Chemist: 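Sharing a structure, written as structure tokens. Questions coming.
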Number of protein chains: 4
Amino acid sequence: MTPTRTNRKQQIIRAAKELFAKHGFKGTTTKMLAAKVGVSEATLYKYFTSKEDIYYALLEEKLQNIESYLPTSQKTSIRKTLEEIVVNFLEKNTDDVSFTKICLFAALEQNAYSKNFVQKLRKKLFTHLDKLFENWISEKKIKELEPDLLAKLFFGLLFYTLLLRTIFHDEKFSQYNLQYLAQHIADIFLTGVLNETT
Amino acid sequence: MTPTRTNRKQQIIRAAKELFAKHGFKGTTTKMLAAKVGVSEATLYKYFTSKEDIYYALLEEKLQNIESYLPTSQKTSIRKTLEEIVVNFLEKNTDDVSFTKICLFAALEQNAYSKNFVQKLRKKLFTHLDKLFENWISEKKIKELEPDLLAKLFFGLLFYTLLLRTIFHDEKFSQYNLQYLAQHIADIFLTGVLNETT
Amino acid sequence: MTPTRTNRKQQIIRAAKELFAKHGFKGTTTKMLAAKVGVSEATLYKYFTSKEDIYYALLEEKLQNIESYLPTSQKTSIRKTLEEIVVNFLEKNTDDVSFTKICLFAALEQNAYSKNFVQKLRKKLFTHLDKLFENWISEKKIKELEPDLLAKLFFGLLFYTLLLRTIFHDEKFSQYNLQYLAQHIADIFLTGVLNETT
Amino acid sequence: MTPTRTNRKQQIIRAAKELFAKHGFKGTTTKMLAAKVGVSEATLYKYFTSKEDIYYALLEEKLQNIESYLPTSQKTSIRKTLEEIVVNFLEKNTDDVSFTKICLFAALEQNAYSKNFVQKLRKKLFTHLDKLFENWISEKKIKELEPDLLAKLFFGLLFYTLLLRTIFHDEKFSQYNLQYLAQHIADIFLTGVLNETT
DNA sequence: AATGAATGAGCATTCATTCAT
DNA sequence: TATGAATGAATGCTCATTCAT
């Protein structure tokens, strides 16, 4: 594939990402997409066989390029590790809101392909996180609960925070700096909200 | 409005709820809707002025009828209170998955009306929850953090759990019984995951 | 089905017959068809599910209504019988050229459906003709050849004459009166072209 | 024109012949054609100015190269001559079904050009055949009928036999060997089907 | 000599909506 | 109250064709 050809494909995917995020799959028309890319609708079909094909390419690409929000280096403390996860996750996904939206649309629209995508995505997101909790449990550092339950509940805190910041446009959560949020989320998850004196 | 008229309106809204949940607003056609209700498409327009109108009526109705997941009676312990909230919330929303989906669609589709809806909905959901945490804080029962931050993080645990059970179709989370989930969520939120001995 | 509904369907089929005959299936657009009927394209789809559906309905209807070109009463002579067949066949099909054309298009375009149609049509055309020749053979009135071979060769004379008159626009054949043609065709088929004195 | 250029043109025409025969003019796309030739669509337009142009070139070429099915040498008997015509005609056209189909499509599609083509073709086909019958008539060998009427009716037998074998896929007619068919067709045309004793 | 890239016009089909009855 | 009949505008997609390279 010539470099131009790849570029055009990328252009289309990039434009599609924005539009699908804003209007969903059904809500995005090929006309809108062509206009955004600055080509004719016919041109779209020189690069992709169908609107669905563009959608799939978009999801597929995301699945490949998904960046880990997990710390690369071994952290000394659980707390630091969790804090870094929070910051990483929110940082990466705040910049690319469309991805979050597209994932949610995919989860909601529920055709065979998007179901598969969501499944793969969740696997990718949790494989490493699960392991982290497993290790901590086996090291007796944290309570002996099912590691994936812990991973998912922790992720729930992240995920909902992300939604508050990017989709629900919660004023407060949007203004908090990430460090501050990370500290509180990590703290609550580790030690709970009860007053120590209690 | 005659009772029949009200009934028909209700029938339409009920059918719309299912369809919008399954296919989104754009993905639901008036043809599908009419078929589901068992009337002609023309009849739809005797009761509502447009497809959007049906959507708005649906959201509005939900906003009125939203049932509190908060405990009605004063509970003795925070733990019991939180547990009851978890159980209530999951119970009510598991039965009515379409509502969750419609809310998410509304949040994603982001037109003026749905934005407004999401805002109102969140207000309704959080007003009482916020107060609960405020009280506990003033009673020094829990750490002195911003009450709405606490409320939202706690809600994040609930909400993500709901998504896992109803939209992401997480096998494990779907099988857990609600009591079990409630205990763990409440426990983690209150005391954290760290080993007490640490 | 209300009478109006039937009428519209019939109107569409009638218009389609003309257009498909003139331009073939591919060459006929739904726009042309709608214009000819005097309705919008959308209306076409209230009565038929697709362009193909219209085509099929058209063929199906023809298959039902196909009129026999065979003599109803028992003729005294073979010659009279054949002459009547020629006249009947040419008369019926000259009035309805579109049918001939559509059949030929169907035979040429060769999709699964039209293949089936052509097969059924040929069966309908030949079943009785075959029997006629069988009888004559068993009565020793004509040479002892395979009856269907005879039927088909005789039909070839008819069919080609029809093409000459309706599709190839052969001047002479178009001007001959049917009686004249019938006599010669029957005569040649019965006694051949050789001079009797030879 | 360089020899390569001629070759490419020929390649295109050959591919077009197959495709037009299978799908008709409208049913054949330039994409299909380019793919079959193994070049880009753009290349097609280096050799022909339009899709129609290819079609015309194709017909024109056929018109030039049409091979006579008439016997080259003077045959002793009419019977032998007719038999040879039948065999020749069926042999040549069975091998090249696409030609028959294209001619029929041309006759059906009825635009100015194809009308002209069909006319020329028929002239070519009948000029010599007509003469043959003229001669036989003047030699008093056959009945004194209009020679072109005879020629066309005889041709009808050939033509319908060809259709049965190539387009209608008549099982029996496809299996008969040509010699057998030729004998019967010639015999019937010459002496008729009536029992001699009658 | 060949083609990659592009497209305006058109295709069959569906949409939400209207209106006379 | 309900709907059969209708449609303008749009949808995803394909077509034959052009042109710079």
Side-chain angles (χ1 to χ4, degrees), chain A residues 1-5 7-9 25-34 37-54, chain B residues 2 4-5 7-8 25-34 37-54, chain C residues 1-5 7-9 25-34 37-54, chain D residues 1-2 4-5 7-9 25-34 37-54:
Chain A
M1 216 181 287
T2 72
T4 347
R5 203 168 157 70
N7 286 351
R8 222 348 83 92
K9 264 198 126 164
F25 179 75
K26 295 258 182 182
T28 302
T29 69
T30 51
K31 195 178 179 180
M32 285 160 65
L33 182 51
V37 180
V39 297
S40 73
E41 283 182 79
T43 297
L44 260 33
Y45 289 88
K46 293 286 175 201
Y47 295 89
F48 297 92
T49 61
S50 67
K51 189 180 146 189
E52 274 207 317
D53 189 28
I54 299 176
Chain B
T2 71
T4 345
R5 191 160 168 77
N7 285 350
R8 214 2 76 96
F25 179 74
K26 294 262 181 182
T28 302
T29 70
T30 50
K31 194 179 178 181
M32 285 159 64
L33 182 50
V37 180
V39 297
S40 71
E41 283 182 84
T43 300
L44 261 32
Y45 288 85
K46 292 289 170 211
Y47 294 89
F48 298 93
T49 63
S50 68
K51 190 180 145 190
E52 276 206 313
D53 189 28
I54 298 175
Chain C
M1 216 182 285
T2 71
T4 346
R5 199 165 162 73
N7 286 350
R8 230 336 91 92
K9 264 198 126 164
F25 180 75
K26 295 258 182 180
T28 303
T29 70
T30 51
K31 195 178 179 180
M32 285 159 63
L33 182 51
V37 181
V39 296
S40 72
E41 285 182 80
T43 296
L44 259 33
Y45 288 86
K46 293 286 175 201
Y47 294 89
F48 297 92
T49 61
S50 67
K51 188 179 146 189
E52 274 207 317
D53 188 28
I54 299 176
Chain D
M1 212 183 287
T2 72
T4 345
R5 192 159 168 76
N7 285 350
R8 206 19 61 101
K9 265 196 123 161
F25 178 75
K26 294 261 181 183
T28 302
T29 69
T30 50
K31 193 179 179 180
M32 287 159 64
L33 183 50
V37 180
V39 297
S40 72
E41 282 182 85
T43 298
L44 261 32
Y45 288 85
K46 292 290 170 210
Y47 294 90
F48 298 93
T49 63
S50 67
K51 188 179 145 190
E52 274 208 313
D53 189 28
I54 299 176

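Lettering follows sequence order; numbering is per chain, from 1. Not measured: the values here are computed from a predicted model.
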Chemist: Once you round it to whole Å, what is the distance between C1' of F:dC15 and NZ of D:Lys31?
Modeler: 10 Å
Chemist: In whole Å, I'd like the distance from the CG atom of B:Leu33 to the C1' atom of E:dA16.
Modeler: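 In whole Å, E:dA16 C1' lies 12 Å from B:Leu33 CG.
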Chemist: Out of E:dA12, E:dG8, F:dT3, which has the shortest distance to the side chain of B:Val39?
Modeler: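 It is F:dT3.
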Chemist: Return the nearest nucleotide to the side chain of C:Ser40; candidates are F:dG8, E:dT17, F:dC13.
Modeler: F:dG8
Chemist: For the OH atom of C:Tyr45 and the CD1 atom of C:Ile54, what is their distance to the nearest 0.5 Å?
Modeler: 6.5 Å
Chemist: How many whole angstroms separate atom CG of A:Asp53 from atom C1' of F:dC13?
Modeler: 13 Å
Chemist: Does F:dC13 have its OP1 or OP2 closer than 4.0 Å to a side-chain nitrogen or oxygen of A:Tyr45?
Modeler: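 Yes, such a contact exists.
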Chemist: Using a heavy-atom cut-off of 4.0 Å across all strands, would you classify D:Tyr47 as base, sugar-phosphate, or nothing?
Modeler: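 The residue D:Tyr47 makes sugar-phosphate contact but no base contact.
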Chemist: When rounded to the nearest 0.5 angstrom, what distance separates OH in B:Tyr47 from CG in B:Asn7?
Modeler: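 Output value for this atom pair is 9.0 Å.
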Chemist: Do the side-chain N or O atoms of D:Thr43 get closer than 4.0 angstrom to the phosphate oxygens (OP1, OP2) of E:dT3?
Modeler: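 The answer is yes; a side-chain N or O of D:Thr43 sits under 4.0 Å from OP1 or OP2.
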Chemist: What's the closest nucleotide to the side chain of D:Thr30 if the choices are E:dA12, E:dG8, F:dT17?
Modeler: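 So the nucleotide nearest the side chain must be F:dT17.
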Chemist: Between E:dA2 and D:Lys46, is there an OP1 or OP2 to side-chain N/O distance shorter than 4.0 Å?
Modeler: no
Chemist: What closest approach, in Å, do D:Lys31 and D:Glu41 show between heavy atoms, and which atom pair accounts for it?
Modeler: N-OE1, 3.5 Å
Chemist: What distance separates C:Leu44 CG from C:Leu33 CG, expressed to the nearest 0.5 Å?
Modeler: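 Output value for this atom pair is 4.5 Å.
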Chemist: Please determine, for the side chain of D:Ala42, which listed nucleotide (E:dT17, E:dT3, E:dT7) has the closest atom?
Modeler: E:dT3
Chemist: Could you check C:Glu41 against D:Ser50 and say which one's nearest nucleotide on DNA chain F is further toward the 5' end?
Modeler: C:Glu41
Chemist: Using Watson-Crick or G-U wobble geometry with both distances under 3.5 Å, which nucleotide pairs with F:dC13?
Modeler: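 E:dG10 is the nucleotide pairing with F:dC13.
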Chemist: Are OP1 or OP2 of E:dG4 and a side-chain N or O of A:Arg8 less than 4.0 angstrom apart?
Modeler: no
Chemist: How close or far is atom P of F:dT18 from atom CZ of D:Phe48, stated in whole angstroms?
Modeler: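 Atom-to-atom, D:Phe48 to F:dT18, this comes out as 15 Å.
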Chemist: Over how many whole Å does the gap from C:Lys26 atom NZ to F:dA16 atom P extend?
Modeler: 10 Å
Chemist: When both hydrogen-bonding distances must be under 3.5 Å and the geometry is Watson-Crick or G-U wobble, what is F:dG4 paired with, if anything?
Modeler: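 Check on F:dG4: paired to E:dC19, both distances under 3.5 Å.
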Chemist: A:Ser40 and A:Ala34: which non-hydrogen atoms are nearest, and at how many Å?
Modeler: C-CB, 3.8 Å
Chemist: Please report the distance, rounded to the nearest Å, between NZ in B:Lys51 and P in E:dT18.
Modeler: 14 Å
Chemist: Can you check the D:Leu44 CG to F:dC19 C1' distance for me, whole Å?
Modeler: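 From D:Leu44 CG to F:dC19 C1': 16 Å.
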Chemist: With nearest nucleotides of DNA chain E determined for A:Gly38 and C:Glu52 from heavy-atom distances, which residue corresponds to the more 5′ nucleotide?
Modeler: A:Gly38
